[in-house]
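Here's the structure we're looking at; comments come further down.
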Amino acid sequence: MATAQPAPGRGAAEGAPAGKAAQNAAVAAARPTLALDLTVLEGPAELAAHLAAVRGATVVRPDVSDDTGSALFHRPSAPLPAGATAHLWERPGARVVAHPEAAGVPHFANGVVHEGRLVLTDCWRCFTLDEGPRRLITSVINLAPSAPLLPRLTGELQPVVTASGAADGPVHFELVVGEDQTKVVKYARRQAGSPLPELCDLLGVPGQAGALATGRPVALADTGSPGFVADYSFLVRAHGRLEEITDLAGLVGRPSYAGTECAPRPGDLLSPSQDESAVLQLLLRHDEEATVLADIAHYQERNRAGVFVLAPR
């Protein structure tokens with residue numbers, strides 16, 4: 001699905017802490033307002049006691065994880081079901097981090113550091129659907145070069161880059177952006193993974209890859225008016241063998257539809273979406289942001305209703 005996922009074998013480069021607790025501490029030291037109010041928990045009993053004591057919505061994540069979409073959401077009105085957190089402790093010496101849910105919209109911010117200065121090359125607003133205790137990203141759309149958020153993020157994130165000691169090279173941020181605050185969820189000194197580089201190519205902007213290939217970073221704010229691109233991924237909610245995709249012609253007939261990145265075939269065995277691995281992923285492209293947003297809203301409704309017709313295994 002529409003996540004920034006590192007290529008296999010790649011993670012945070014040296015100098016960017018891999019664990020979320022260490023990352024958050026580094027962010028707090030560089031710019032305290034960007035840091036989450038993080039609690040580190042050492043075992044299942046400690047986590048259970050913490051969740052029993054909190055009053056608001058709480059996000060629970062493994063401190064170190066390879067997968068995408070690993071966060072769980074605990075709400076007083078919808079506590080985590082029994083067994084939902086068991087996988088968090090699978091790694092030897094595993095720890096879990098928990099923090100109050102930050103108000104705002106998830107974003108990805110990608111760039112390069114050039115002679116110590118952060119240059120944002122591509123930024124993305126995320127769309128999500130809640131599936132039980134998980135919140136899965138279904139789509140991203142690029143920010144316009146004129147978006148006021150770009151200079152704000154550059155100013156907010158520069159101290160984090162400086163404090164990390166990055167002088168040159170790619171950087172990737174996962175953020176929650178509110179009207180008057182930004183929170184850093186993850187920071188890595190690496191290039192963002194699929195599908196964001198491919199979406200930059202579809203949009204026709206250099207992105208991180210272009211900056212790294214030429215050594216001349218082009219800020220997103222300097223790319224003119226390239227239009228808008230997005231991807232959209234549909235969720236599977238049951239085990240079964242695919243019979244059909246409901247009204248596939250309607251899905252690919254939307255005004256901004258630009259292609260199918262991946263799709264299952266009739267007869268394929270499908271399993272419920274637990275992370276952000278794509279099953280049916282569409283690409284969108286249009287000059288007008290409103291057109292892309294209308295198509296994403298349509299797909300969100302179709303996704304809530306379900307598009308996969310499955311026969312039992």
Side-chain angles (χ1 to χ4, degrees), residues 1-9 65-73 81 83-84 86-87 90 106 108 124-142 192-203 227-286 291-313:
M1 294 183 186
T3 65
Q5 182 177 1
S65 60
D66 295 328
D67 59 324
T68 59
S70 59
L72 299 174
F73 287 76
H87 70 285
E90 292 175 349
F108 297 131
W124 309 86
R125 172 188 170 190
C126 304
F127 298 81
T128 63
L129 288 180
D130 286 349
E131 293 292 311
R134 300 178 184 274
R135 178 169 295 165
L136 299 179
I137 296 174
T138 55
S139 181
V140 299
I141 185 173
N142 61 294
S194 181
L196 303 185
E198 293 82 357
L199 289 176
C200 285
D201 289 342
L202 182 61
L203 187 61
F228 296 89
V229 298
D231 72 337
Y232 195 88
S233 294
F234 292 87
L235 306 178
V236 182
R237 295 185 175 89
H239 295 281
R241 192 176 298 276
L242 179 66
E243 291 189 337
E244 66 172 325
I245 298 171
T246 304
D247 189 23
L248 179 59
L251 296 179
V252 302
R254 301 295 300 179
S256 69
Y257 172 76
T260 299
E261 183 69 8
C262 64
R265 297 180 178 181
D268 286 351
L269 287 173
L270 303 183
S271 299
S273 302
Q274 295 294 316
D275 57 21
E276 292 168 347
S277 300
V279 177
L280 171 61
Q281 184 179 33
L282 308 181
L283 300 178
L284 313 178
R285 174 80 167 87
H286 203 276
T291 300
V292 181
L293 291 176
D295 286 350
I296 291 173
H298 175 80
Y299 290 142
Q300 289 280 76
E301 289 304 311
R302 289 289 309 274
N303 210 353
R304 291 185 182 97
V307 301
F308 300 109
V309 178
L310 304 177
R313 288 187 174 183

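Since the structure is predicted, the reported quantities are computational estimates derived from the model, not experimental observations.
- Side-chain atoms of Thr138 come within 3.5 Å of backbone atoms of Phe127 as a donor-acceptor pair (strictly under, hydrogens ignored).
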Exercise for review: Determine, step by step, whether Leu251 and Leu282 satisfy the side-chain contact (heavy atoms from CB on, under 4.5 Å) criterion, reporting the C-alpha distance in whole Å, the side-chain angles of both residues, the deciding distance to 0.1 Å, and the verdict.
Suggested key: CA-CA 9 Å; Leu251 296 179; Leu282 308 181; 4.3 Å; yes

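- Atom OH of Tyr232 is separated from atom CG of Leu284 by 10.0 Å, given to the nearest 0.5 angstrom.
- Going from atom CG of Asn142 over to atom CG of Leu199 covers 8.0 Å, rounded to the nearest 0.5 Å.
- Among Cys262, Ser233, Pro264, the one residue that satisfies the side-chain contact (heavy atoms from CB on, under 4.5 Å) test with Leu280 is Pro264.
- Looking at Arg241, its side chain does come within 3.5 Å of a backbone N or O of Gly267 through a donor-acceptor pair.
- A perpendicular orientation is assigned to the rings of Tyr299 and Phe234, their planes being inclined by more than 60° (bins at 30° and 60°).
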Exercise for review: Walk me through it: do Arg265 and Leu242 pass the test side-chain contact (heavy atoms from CB on, under 4.5 Å)?
Suggested key: CA-CA 7 Å; Arg265 297 180 178 181; Leu242 179 66; 5.8 Å; no

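- Heavy atoms only, all atoms of each residue included: Arg285 and Leu202 are closest at NE-O, 3.3 Å.
- In this structure, Ala294 and Arg254 approach most closely via the heavy-atom pair O-NH2, 4.1 Å.
- Closest heavy-atom contact between Pro197 and Gly193: CD-O, 3.2 Å.
- A 4.5 Å side-chain heavy-atom check between Ser139 and Asp231 finds at least one atom pair inside the cut-off.
- Looking at heavy atoms from C-beta onward, Leu293 lies in side-chain contact with Arg125 at the 4.5 angstrom threshold.
- No salt bridge links Arg134 with Glu131; every basic N to acidic carboxylate O contact stays at or beyond 4.0 Å.
- Looking only at side-chain heavy atoms (C-beta outward), Leu310 and Glu243 stay at 4.5 Å or farther from each other.
- With hydrogens and angles disregarded, no donor-acceptor distance shorter than 3.5 Å links the side chain of Asp295 to the backbone of Val292.
- In this structure, Val229 and Leu283 have side chains that are not in contact, with every pair of non-hydrogen atoms separated by 4.5 Å or more.
- Checking side-chain atoms of Thr291 against main-chain N and O of His286 turns up no donor-acceptor pair under 3.5 Å.
- Atom CG of Asp201 and atom CG of Leu196 lie 11.5 Å apart (nearest 0.5 Å).
- With rounding to the nearest 0.5 Å, the separation of CZ in Arg237 from CG in Asn303 is 5.5 Å.
- The CZ atom of Arg304 lies 10.5 Å from the CG atom of Leu235; values are rounded to the nearest 0.5 Å.
- Checked by atom type and distance alone, the side chain of Arg302 pairs as donor or acceptor with a backbone atom of Thr246 at under 3.5 Å.
- Note that CD of Gln281 is 6.5 Å distant from OG of Ser194, once rounded to the nearest 0.5 Å.
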